[in-house]
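Written below as structure tokens is the structure these notes are about.
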Amino acid sequence: MSAGPQIDARVLDRLAAVIRSRQGADPASSYTAKLFARGRPKIAQKLGEEAVETVIEAMRGDADAIAAESADLLYHLLVLWADAGVAPETVWAVLEAREGVSGIAEKAARPTE
């Protein structure tokens with residue numbers, strides 16, 4: 001899959017807004033509304049399935065299939081965030097705070113369980 005034209009990463013914010021607009025909608029009208037109606041366990045299950053499918057395609061090495069499964073994975077992650085009341089901006093802020101920090105140092109700074 002070629003990089004093609006520059007795509008605005010804010011597509012995730014736009015998708016998140018559409019997903020949030022489906023909360024409470026008629027489950028017969030939208031797949032997203034149907035996921036919300038089925039509850040967080042089903043949303044989490046679908047997220048896990050998409051993660052596994054992404055890993056499978058990664059092992060196969062098909063870049064187009066990895067991209068397609070990654071899109072499904074991100075969509076289901078955004079549904080989970082919406083269901084849990086996590087705004088994408090909150091996640092972006094966490095990522096921004098970690099920017100430029102060594103992954104090893106960041107992990108070491110986390111509280112131990």
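The chain is numbered in sequence order, starting from 1.
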Please identify each residue that fulfils salt bridge (Lys or Arg N to Asp or Glu O under 4.0 Å) with Arg60, with sequence neighbours left out. Glu57
Roughly how far, to the nearest 0.5 Å, is OG1 of Thr54 from CE of Met59? 13.5 Å
Run the side-chain donor-acceptor check on residues 67-80: report pairs under 3.5 Å with partners two or more places apart or on a different chain.
unit_1 : atom_1 : unit_2 : atom_2 : d
Ser70  : OG     : Ile66  : O      : 2.7
Tyr75  : OH     : Thr32  : OG1    : 2.6
His76  : ND1    : Asp72  : O      : 2.8
His76  : NE2    : Tyr31  : OH     : 3.2

Clusters formed by hydrophobic residues whose side-chain heavy atoms approach within less than 4.5 Å: which one holds Ile56, and what are its other members? Val52
For Arg38, all residues meeting side-chain hydrogen bond (donor to acceptor under 3.5 Å, both in side chains), sequence neighbours excluded: none
So if you build clusters from Ile, Leu, Val, Met, Phe, Trp, Tyr with side-chain heavy-atom gaps below 4.5 Å, do Leu95 and Trp81 land together? yes
Who pairs with Glu89 by side-chain hydrogen bond (donor to acceptor under 3.5 Å, both in side chains), at least two apart in sequence or on another chain? none
Sidechain-backbone polar pair: Thr90 side chain, Val86 backbone, donor-acceptor under 3.5 Å: no
Measure the CG-NZ distance between Leu35 and Lys42 for me, rounded to the nearest 0.5 Å. 8.0 Å
Identify each donor-acceptor pair in which a side-chain atom of residues 11-24 lies under 3.5 Å from a protein atom, sequence neighbours left out, and give them as a table.
unit_1 : atom_1 : unit_2 : atom_2 : d
Asp13  : OD1    : Trp92  : NE1    : 2.9
Ser21  : OG     : Val18  : O      : 2.6
Gln23  : NE2    : Ala82  : O      : 3.3

